[in-house]
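Remarks on the structure that follows.
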2 protein chains.
Amino acid sequence: MKLTTRGRYGLRAVIDLAVHTDDEAVALSQIAERQGISMNYLEQLIAKLKKSGIVHGIRGAQGGYVLAMPADEISVGDILRALEGDLSPVDCYELNNSDTPCSSSDICVTKYVWKRISDSINDAVDGIMLSDLVAESKKVQAEAGITQVNQSKQTC
Amino acid sequence: MKLTTRGRYGLRAVIDLAVHTDDEAVALSQIAERQGISMNYLEQLIAKLKKSGIVHGIRGAQGGYVLAMPADEISVGDILRALEGDLSPVDCYELNNSDTPCSSSDICVTKYVWKRISDSINDAVDGIMLSDLVAESKKVQAEAGITQVNQSKQTC
DNA sequence: TTAATATCCGAGTAATTTAATAGGAATTAA
DNA sequence: TTAATTCCTATTAAATTACTCGGATATTAA
């Protein structure tokens, strides 16, 4: 039940992008450096965000990325689902529309458990907007006077 | 953010055990057969449940497993945490007491997200008792007249 | 006492997924 | 044209998952 680095790095990258957006596009190299994430890897993550319509890429010199929508219209759920796929704890045909139908869905009891978990996760992440995190981030950074993440490995 | 087969199989095994408990202990071979799970693998899972004090093993002939507590005192959260470890979406020093302190916890914004997710998951699973699932299972099985899981692969 | 039935325990392993790295093509501003 | 940048795909090492296997230990019943 752990998120992968895709979700963790990707969310940090989007927050970083949102925080550092003025009129110009933000280059991925800047986000990668500030967040201490390999740029090559970050490219793959931002590709998922682009595919889901959360960010928009601008090619060429002076290019970069911008949010495709206002930060208060992007939920953490949108971001995490783009990066991790659906946030359900199981691949269940009835919950998500999983690829293969489930042979024992008629006598399956655990599906009630999975649905409760799934709903609670999605409710939680859909209730937090990117703008909330941007506001929090600006507040915290103003207090600490730091914009760059520490070198040492982060687990979250 | 998916549970592994440990959590999925293990929860099904505990429900099966609880449903089929009369006065005698239930042999693992019976659970394995009914649930279509390899007995060798199930052994490893039940070992975790034993270690967490959820089931109790009785060795020797006519032995097997019994619940270590009444089913209405065992939550789905207890079971899943025994099988999967903590249900937090990240290894965060402040959330769980993770092994390594986090270098950037003072400027970390995502921790608020992880805490909301973690709390919502734990609240959900701690609110469902094994006895609830046993009751549901007996109801469903009475309707369907089936006690054994279908051969074909289950994804949940 | 012996045989059968179980749990208990640890080692090994194939398959899958994760977390990257790497290289180059396409696009655009200066 | 050149430098900066996104875009795209292939490859790979490490970790994790999902098992299998073999045998030791305990208990009951004949």
Practice task
Look only at the side chain of E84(B) and the backbone of G7(B), and say whether a donor-acceptor pair between them is shorter than 3.5 Å.
Solution key: yes
Practice task
Look only at the side chain of K2(B) and the backbone of M1(A), and say whether a donor-acceptor pair between them is shorter than 3.5 Å.
Solution key: no
Practice task
Enumerate the residues from residues 50-63 of chain B whose closest heavy atom to DNA chain D is under 4.0 Å, giving them by residue number; use none for an empty result.
Solution key: R59(B), G60(B), A61(B), Q62(B)
Completion exercise
Members sharing Y93(B)'s hydrophobic cluster, built from side-chain contacts under 4.5 Å between Ile, Leu, Val, Met, Phe, Trp and Tyr, are none
Problem - Under 3.5 Å donor-acceptor, Q141(A) side chain and I107(B) backbone - result: no
Can I get a per-line list of side-chain donor-acceptor pairs under 3.5 Å for residues 40-66 of chain B, giving both atom names and the distance, sequence neighbours left out?
| from | atom 1 | to | atom 2 | distance (Å) |
| --- | --- | --- | --- | --- |
| Y41(B) | OH | T5(B) | OG1 | 2.9 |
| S52(B) | OG | K48(B) | O | 3.2 |

Practice task
Could you tell me whether I46(B) contacts a base, only the sugar-phosphate backbone, or nothing, with contacts defined as non-hydrogen atoms closer than 4.0 Å?
Solution key: nothing
Exercise for the section: Please state whether the phosphate of dA19(C), meaning OP1 or OP2, lies under 4.0 angstrom from any side-chain nitrogen or oxygen of T5(A). Expected result: yes
Provide a list of protein-nucleic acid N or O atom pairs under 3.5 angstrom, restricted to nucleotides 9-15 of chain D.
none

Exercise for the section: Taking only the side-chain nitrogens and oxygens of Y65(A), find out if one of them lies under 4.0 Å from OP1 or OP2 of dT5(D). Expected result: no
Completion exercise
The correct set of residues in residues 81-89 of chain A placing a heavy atom under 4.0 Å from DNA chain C is none
Exercise for the section: Could you state the atom-to-atom distance from CD of E24(A) to P of dT28(C) in whole Å? Expected result: 18 Å
Handout entry: Heavy-atom check, side chain of V125(B) versus side chain of R81(B), under 4.5 Å
Key = yes
Fill in the blank from the handout: the helix from dT1(C)-dA30(D) to dA30(C)-dT1(D): angle between terminal helix axes, five bp per end, to the nearest 10 degrees, reads 10°
Problem - Any S38(A) side-chain nitrogen or oxygen under 4.0 Å from OP1 or OP2 of dT21(C) - result: yes
